[in-house]
Amino acid sequence: MHYDQCFGCGDVESGLHMRTTVGEHMVVHSRFTVTEAHQGAPGLAHGGLLACAFDEALGSTVGNLLRKPAVTGKLETDFVRPVPVGTTLYIAARLDGVAGRKIYVSAEGRLGSADGQVAVRARALFVQVGFEHFTTHGYADALQRFRSTTRESKWDINP
Ligand SMILES: CCCCCCCC/C=C\CCCCCCCC(=O)SCCNC(=O)CCNC(=O)[C@H](O)C(C)(C)COP(=O)(O)OP(=O)(O)OC[C@H]1O[C@@H](n2cnc3c(N)ncnc32)[C@H](O)[C@@H]1OP(=O)(O)O
């Protein structure tokens, strides 16, 4: 379940335009192509944008595999190789465990292909929330906005 105005996966012009697929062994695959709009140093991706891409990939993993509303409580990233403009990062994410409302996920991003060199690793704790989280803290009509723009039906399960 998602939202077309989401910076990570929505249709906003300046967004990341990420798409997610659930593959074998419950691994969730996402791709993020670094453009000139994502630069930090000349010709290189900004680390914060990469962290955002992993927040999206990991949040989508929670959404795809558990189908429960949850928000990021903690996100850790290891930047192990620079990611040049024009590179597509292939992100593979996994659900590591669930303890009550706490959901643990991790991912690694590889340069240029699914078996390329690892450039970024990330781990996150998502916390399951009720729908009132969105209506209380976000827009009061958040649920209608989710429903009217969701692209859940476009998610591919085990293609
Ligand atoms: C029709 C509607 C459907 C909606 C469905 C949506 C599905 C989504 C699907 C697809 C997603 C796509 C991708 C999205 C990607 C982007 C996601 C984001 O960017 S989310 C925005 C950024 N994050 C926030 O804004 C959170 C702000 N923080 C909070 O609201 C609260 O702090 C919250 C909810 C995280 C926790 O607050 P508490 O009061 O509910 O719960 P407490 O008791 O504090 O925590 C619960 C447990 O979690 C641990 N915890 C919480 N935060 C922690 C932290 N930072 N580090 C370690 N542990 C933490 C606590 O210690 C506690 O653990 P113990 O149960 O006691 O063992």
Side-chain angles (χ1 to χ4, degrees), residues 1-99 101-129 146 149-159:
M1 187 179 290
H2 220 284
Y3 177 42
D4 277 357
Q5 295 299 304
C6 171
F7 184 79
C9 76
D11 298 327
V12 280
E13 194 177 337
S14 57
L16 304 185
H17 302 282
M18 289 174 64
R19 296 289 180 272
T20 298
T21 305
V22 181
E24 289 183 9
H25 309 298
M26 309 281 273
V27 176
V28 178
H29 301 276
S30 310
R31 289 184 200 179
F32 168 49
T33 299
V34 178
T35 72
E36 294 196 338
H38 305 139
Q39 289 175 96
L44 295 175
H46 193 294
L49 257 296
L50 295 174
C52 182
F54 277 78
D55 191 16
E56 175 63 36
L58 293 164
S60 296
T61 300
V62 173
N64 271 292
L65 297 184
L66 297 181
R67 306 268 165 168
K68 289 174 179 169
V71 293
T72 324
K74 183 172 188 168
L75 174 67
E76 294 180 349
T77 44
D78 298 332
F79 301 104
V80 296
R81 282 193 176 79
V83 183
V85 168
T87 304
T88 297
L89 207 53
Y90 285 69
I91 301 174
R94 291 171 182 77
L95 181 64
D96 295 326
V98 177
R101 293 170 57 214
K102 295 182 289 188
I103 303 162
Y104 296 89
V105 280
S106 61
E108 56 186 24
R110 294 175 180 269
L111 296 171
S113 70
D115 57 2
Q117 291 184 308
V118 174
V120 184
R121 293 192 180 91
R123 294 154 300 284
L125 165 69
F126 280 74
V127 179
Q128 188 184 339
V129 293
F146 269 120
T149 64
T150 186
R151 65 154 59 87
E152 185 171 23
S153 59
K154 295 182 191 169
W155 282 356
D156 293 330
I157 307 290
N158 293 326

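Computed from a predicted structure; not experimentally measured.
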Donor-acceptor check, side chain of [X] to backbone of [Y], threshold 3.5 angstrom: yes or no?
X	Y	value
R110	Y90	no
H17	V12	yes
H46	G48	yes

Test item: D78 and R123 side chains (from C-beta on) under 4.5 Å apart, heavy atoms: yes
Test item: V129 and R101 side chains (from C-beta on) under 4.5 Å apart, heavy atoms: yes
For the [atom1] atom of [X] and the [atom2] atom of [Y], what is their distance to the nearest 0.5 Å?
X	Y	atom1	atom2	value
I91	R31	CD1	CZ	11.5 Å
E108	R121	CD	CZ	6.0 Å
E56	M18	CD	CE	5.5 Å
H38	T33	NE2	OG1	9.0 Å
T72	L125	OG1	CG	9.0 Å

Residue pair S14, F7: steps toward the side-chain contact (heavy atoms from CB on, under 4.5 Å) verdict: CA-CA 8 Å; S14 57; F7 184 79; 4.2 Å; yes
What closest approach, in Å, do [X] and [Y] show between heavy atoms, and which atom pair accounts for it?
X	Y	value
R81	L111	CD-CD1, 4.3 Å
T61	L95	CG2-N, 4.2 Å
T20	S30	OG1-OG, 3.4 Å
C52	L16	SG-CD1, 3.8 Å
A53	F32	CB-CD2, 3.6 Å
A107	L58	CB-CD2, 3.7 Å

